[in-house]
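To keep things clear, I will list the structure first and then write my remarks on it.
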Amino acid sequence: MPELPEVETVRRDVDALFTGRTIVDAAVGGPRTLRRHADPAAAVARLRGRRLESAGRRGKFLLLRLDSGEVAVVHLGMSGQLRVGEAGSPRQAHTHLVLTWDRGPELRFVDPRTFGQVWLTSAAVPELAHLGFEPLDEPIGWRGLEQRLAGRRTRIKPLLMDQRFVAGIGNIYSDEILWSAGVAHDREAGSLGGPEVQAVYRSMRSVLSAAVRLRGSSLADEQYRDLAGRIGGYQLRHRVYGRDGLPCRRCGTPILRAKAYGRSTWYCPVCQH
DNA sequence: GTATGTACCTGCGGGC
DNA sequence: TGCCCGCAGGTACATA
């Protein structure tokens, strides 16, 4: 499932390939991808003739800034992909939006489960005002994290996945971060001591940075691919996610899987406290 | 403030 | 082989 590292990988690819180019046509498939707009066809019409000034990211949201001052916001949801394809080449099933540029390949939004969405909004992107801090681009320091955790009685894992608290972390990376930090998923967030907060903060940055370097995680049963259709590399570095029954890479104890917070959670019962 | 459940959706795997 | 069912999970929202 696309989280911060996967969206950042897509952002870099889009920026390298399309920034400075002009959209000459935009075609929308079904209504769900642009469901924020009452009239999806009218919304995509606003893309035509617009030049891409930059591709940015906020949490798991991709921000395509246009020379009109508007921003096309893309969220990949569970199964969304941005893919390139030469004009006239076969399109994948579930291709919901196609952008044609003044030169180069088409940019296609493909999304079987249709949890993803695309919408057009003003430069300030008010819809994203609720998002928490950026774990890589906004170095709040472990003291900053400690302040934000103080008094919180919720469990640490769902808090790391709460986009209002910190932007970009989902089920895969929350498990990986907590294993790396040696902290149990069900610890009360405000109960973490200083060294534990430091460990969570460092792990958050190191795990996400490494995953960005390796262009994200692609699992056998999920859809994530980069623009060219290539898989990521970080799944080879997973320490707990999807590894139930396999030995912990730190202590050898079999990794456990639990159903918690409405999600599958993987953890080491011995070296996470 | 916190916890839990539901809706949205399709592909896949397990069970029969 | 074919059918049915449950599961996977990001976000938003409802309810307790």
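Because only heavy atoms are used, hydrogens play no part in the values below, and waters and symmetry mates are left out as well, while side chains stay in. Naming: A, B, ... by sequence-line order, numbering from 1 per chain.
- Note: CG (Asp111(A)) to C1' (dG9(C)) measures 12 Å, nearest angstrom.
- Taking the six-membered ring where tryptophan is involved, the planes of Tyr173(A) and Tyr234(A) are tilted, since the angle between them lies from 30° to 60°.
- Rounded to a whole Å, the CD atom of Gln92(A) is 14 Å from the C1' atom of dG11(B).
- Across every non-hydrogen atom of Arg35(A) and Phe115(A), the tightest pair is NH2-O, 3.1 Å.
- Atom OH of Tyr261(A) and atom C1' of dT4(B) are 13 Å apart (whole Å).
- Of the side-chain N and O atoms in His94(A), one or more sit less than 4.0 angstrom from OP1 or OP2 of dG11(B).
- In this structure a side-chain-to-backbone donor-acceptor pair under 3.5 Å is missing from Glu6(A) to Pro2(A).
- Tyr241(A) and His238(A) have perpendicular rings, their planes meeting at more than 60° on a 0 to 90° scale where under 30° would count as parallel.
- Between Leu128(A) and Arg58(A), the closest heavy-atom pair is CD1-CB, 4.1 Å.
- To the nearest angstrom, P of dC12(B) lies 9 Å from CZ of Arg113(A).
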| said: Generate the contact string for nucleotides 10-16 of chain C. Rules: B means base contact, S means sugar-phosphate contact only, - means no protein heavy atom under 4.0 Å. | reply: BBS----

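- Looking at every heavy atom in both residues, Thr121(A) comes nearest to Pro126(A) through OG1-CD, 3.8 Å.
- Listed pair Ser264(A) / dC7(C) fails the phosphate criterion, with no side-chain N or O lying under 4.0 Å from OP1 or OP2.
- Rounded to an integer number of Å, the gap from CG of Asp186(A) to P of dT2(B) is 16 Å.
- Distance Leu76(A) CG to dA8(C) P: 22 Å, rounded to the nearest Å.
- Summarising the geometry, the separation between CD1 on Ile156(A) and C1' on dT2(B) is reported as 15 Å, rounded to the nearest angstrom.
- Side-chain N/O atoms of Thr154(A) include none lying less than 4.0 angstrom from OP1 or OP2 on dG1(B).
- Both Leu208(A) and Trp179(A) belong to a common hydrophobic cluster when Ile, Leu, Val, Met, Phe, Trp and Tyr are linked at side-chain heavy-atom distances under 4.5 angstrom.
- In this structure, Phe165(A) atom CZ and dT2(B) atom C1' are separated by 15 Å, rounded to whole Å.
- Side-chain N/O atoms of Arg32(A) include none lying less than 4.0 angstrom from OP1 or OP2 on dA7(B).
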